[in-house]
2 protein chains.
Amino acid sequence: MTEKTFTESIEMYLKTLAEAGLGEPIAIGKIAEKLNITPVSANEMVQRLSRQGLVRHTPYKGVELTKKGRGVAVDVIRRQRLWECFLLEHLNLEWSQVYDFACSLEHATAPIVTEALAKFLGFPKTCPHGNPIPDENGNFEILDGIPLPAIEVGKNVIVQSIKHPPGDVLAYLQERNIMPGQQLQIAEVAPMEGPLTLEINGREVALGLNIAEFVNVTLCEE
Amino acid sequence: MTEKTFTESIEMYLKTLAEAGLGEPIAIGKIAEKLNITPVSANEMVQRLSRQGLVRHTPYKGVELTKKGRGVAVDVIRRQRLWECFLLEHLNLEWSQVYDFACSLEHATAPIVTEALAKFLGFPKTCPHGNPIPDENGNFEILDGIPLPAIEVGKNVIVQSIKHPPGDVLAYLQERNIMPGQQLQIAEVAPMEGPLTLEINGREVALGLNIAEFVNVTLCEE
DNA sequence: TAAAATGTTATGGCTGCCCTTATTATTCCA
DNA sequence: TGGAATAATAAGGGCAGCCATAACATTTTA
């Protein structure tokens, strides 16, 4: 077993790559933006990761996780999402806050602790934001949710998951009850990339397109 | 409020100082030994801590926590001991392992999480090793236990607490059932700084003096 | 197809925290 | 009281991970 241990910084890079999409290469600029560092620094670091066989970097094309890198990333994500469950369900912390708190804890969690935590929680399948929690072997189901902006006006949908957004957007969503399990309807789509108007529990709520991209929903059958 | 945040390294120095005794100054050499670094490095770091007002360093005399430093140290200790309780009682991890696991988590735990954890655990008064858990304001009771080597032969005692020992000593103690709450008797004291012979649950157990120093006990009343 | 946007490389610098080696100062103890 | 042990200081170094600035390469797009 290559049971190595990686720095917090490395784990954050790998997690960021995994969260950004496990298919296509990610632009270095995007990584830099998400990690709040300069593109030059991101470039440096990507080279280090490349040397360690954790990512594959095609200049001017982007960065991809290798199998090894993906394995680490999935493990980090597992740890984080388990902690999110614990913090929300057992410590009763705010839905909008558990991501950040769990992000600190994830880097300080040994494998034995991770597995004991998973058992304690009853092996949850998803985190409080609706995203899947990989199992001990790194396997997880890919969600079938659709980004909210792709839904037609008038359709009833249920929020399935929230992709991790930047800044205080989670608190913004929580205030408006846009959380997994919530049913809502698209009441109106403003022209010129304008906001969506949603109907949630009988109330009208406007939601910018950029934010709506982070909300994945499934159609209600009726 | 000076609600600053400190590096993991700084927290470890301060915690080490607090654990080594909250009275007299600690020699730099001792700190270096406990943190597994060279005395030169420890000296450097102590100067940094001094500049930040966290410790008071009297050359050739030793290092002491300032009020500010003690506050941080007590907070770190609170976090660690709460996690120890959680890891032992809820995740069912080994008594001998929870100290180290908690030590990683303690540096990644925000105040809100600490308080929520304390509430979840029911505000425990001591950690699994019998050491007091400071409350939210940093107050805690000082234990009245006596180091095992100070007890006379023949006396019945109950283990009150285990000071944190180096290396694998906790596993060694756990194997021999020397844990808080355990009743035992000093059967024999070998001459020339030789080991103690203890009677535990009808079995005889030899325990070196150096290790016994870490075991605090109270006399059984009868 | 040329300008704008983005990515890459080079250079130099910074901080935190650790290291070694060597010299000097102080304290402790026999 | 003098040598051993311990502590302090100095000088030089390393590594991780970030920064800025500048020059240059490639890709995108208008």
Side-chain angles (χ1 to χ4, degrees), chain A residues 4-17 20-21 24-65 68-69 72-73 76 103-104 106-108 166 193, chain B residues 4-17 20-21 24-65 68-69 72-73 76 103-104 106-108 166 193:
Chain A
K4 271 183 207 162
T5 172
F6 299 94
T7 64
E8 178 162 339
S9 185
I10 289 177
E11 289 191 346
M12 286 305 289
Y13 273 86
L14 299 178
K15 190 181 80 171
T16 300
L17 285 168
E24 347 65 274
I26 312 300
I28 293 242
K30 285 278 169 218
I31 304 172
E33 194 186 326
K34 297 213 188 199
L35 293 174
N36 250 294
I37 55 176
T38 65
V40 178
S41 299
N43 217 300
E44 268 183 349
M45 189 62 175
V46 163
Q47 289 181 31
R48 275 196 286 272
L49 297 177
S50 192
R51 260 179 261 127
Q52 292 180 61
L54 294 165
V55 304
R56 211 172 299 111
H57 181 206
T58 318
Y60 299 104
K61 294 301 175 191
V63 186
E64 252 180 320
L65 289 168
K68 183 177 164 192
V72 177
V76 175
C103 184
S104 302
E106 80 196 4
H107 308 294
E193 311 281 280
Chain B
K4 272 185 208 160
T5 171
F6 300 94
T7 65
E8 178 164 337
S9 185
I10 290 177
E11 289 192 345
M12 286 304 289
Y13 273 86
L14 299 179
K15 190 181 79 171
T16 300
L17 285 168
E24 345 67 273
I26 313 298
I28 294 242
K30 284 279 169 217
I31 304 172
E33 193 186 326
K34 297 214 188 196
L35 292 175
N36 250 294
I37 55 176
T38 62
V40 177
S41 299
N43 216 298
E44 267 183 351
M45 188 62 174
V46 162
Q47 289 182 29
R48 274 197 287 274
L49 297 177
S50 192
R51 260 179 260 127
Q52 292 179 60
L54 294 165
V55 304
R56 210 172 300 111
H57 181 205
T58 317
Y60 299 105
K61 294 301 175 190
V63 187
E64 253 181 318
L65 290 167
K68 183 177 165 192
V72 176
V76 175
C103 184
S104 302
E106 79 196 7
H107 308 292
E193 310 281 283

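Order of the sequence lines fixes the chain letters, A, B, ..., with proteins taken first and strands second; residue numbering starts at 1 for each chain.
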**Student:** Counting only pairs under 3.5 Å, give me each side-chain donor-acceptor contact of residues 26-39 of chain B, with atom names and distances, residues two or more places apart or in other chains.
**Tutor:**
from, atom 1, to, atom 2, distance (Å)
T38(B), OG1, S41(B), N, 3.3
T38(B), OG1, S41(B), OG, 2.9

**Student:** Nearest whole angstrom, please: distance from the P of dT6(C) to the CD of E33(A).
**Tutor:**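 From E33(A) CD to dT6(C) P: 10 Å.
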**Student:** Looking at every heavy atom in both P25(A) and E64(A), which two are closest together, and how far apart are they?
**Tutor:**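 Minimum heavy-atom separation between P25(A) and E64(A): CA-CG, 3.9 Å.
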**Student:** Hey, are the side chains of K61(B) and E24(B) touching, using non-hydrogen atoms and a 4.5 Å cut-off?
**Tutor:**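 Result no, sub-4.5 Å side-chain heavy-atom pair not found.
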**Student:** Which residues pass the side chain to side chain contact (heavy atoms under 4.5 Å, CB included) test with E11(B), sequence neighbours left out?
**Tutor:**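 Side chain to side chain contact (heavy atoms under 4.5 Å, CB included) list for E11(B), sorted by chain: F6(B), V76(B), R79(B), H107(B).
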**Student:** Can you tabulate the close N/O pairs, meaning under 3.5 Å, that link protein atoms to atoms of nucleotides 8-13 of chain C?
**Tutor:**
from, atom 1, to, atom 2, distance (Å)
dT8(C), OP1, H57(A), NE2, 2.8
dT8(C), OP1, Y60(A), N, 2.8
dT8(C), OP2, N43(A), ND2, 2.9
dT9(C), OP2, Q47(A), NE2, 3.0

**Student:** Whole angstroms only, please: what is the CG-C1' distance between L35(B) and dG16(C)?
**Tutor:**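 Result: 15 Å.
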**Student:** Table please: side-chain donor-acceptor pairs of residues 43-57 of chain B below 3.5 Å, with sequence neighbours left out.
**Tutor:**
from, atom 1, to, atom 2, distance (Å)
N43(B), OD1, Q47(B), NE2, 3.4

**Student:** Tell me which residues in residues 7-14 of chain A lie within less than 4.0 Å of DNA chain D, going by non-hydrogen atoms.
**Tutor:**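 T7(A), S9(A), Y13(A), in order of number.
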**Student:** Heavy atoms under 4.0 Å, any strand shown: does T38(A) hit a base, just sugar-phosphate, or nothing?
**Tutor:**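 Here T38(A) touches the backbone only, sparing every base.
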**Student:** Give the first and the last nucleotide of DNA chain D, reading 5' to 3', that has any atom under 4.0 Å from a heavy atom of chain A.
**Tutor:**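 So the outermost contacting nucleotides come out as dG17(D) to dT27(D).
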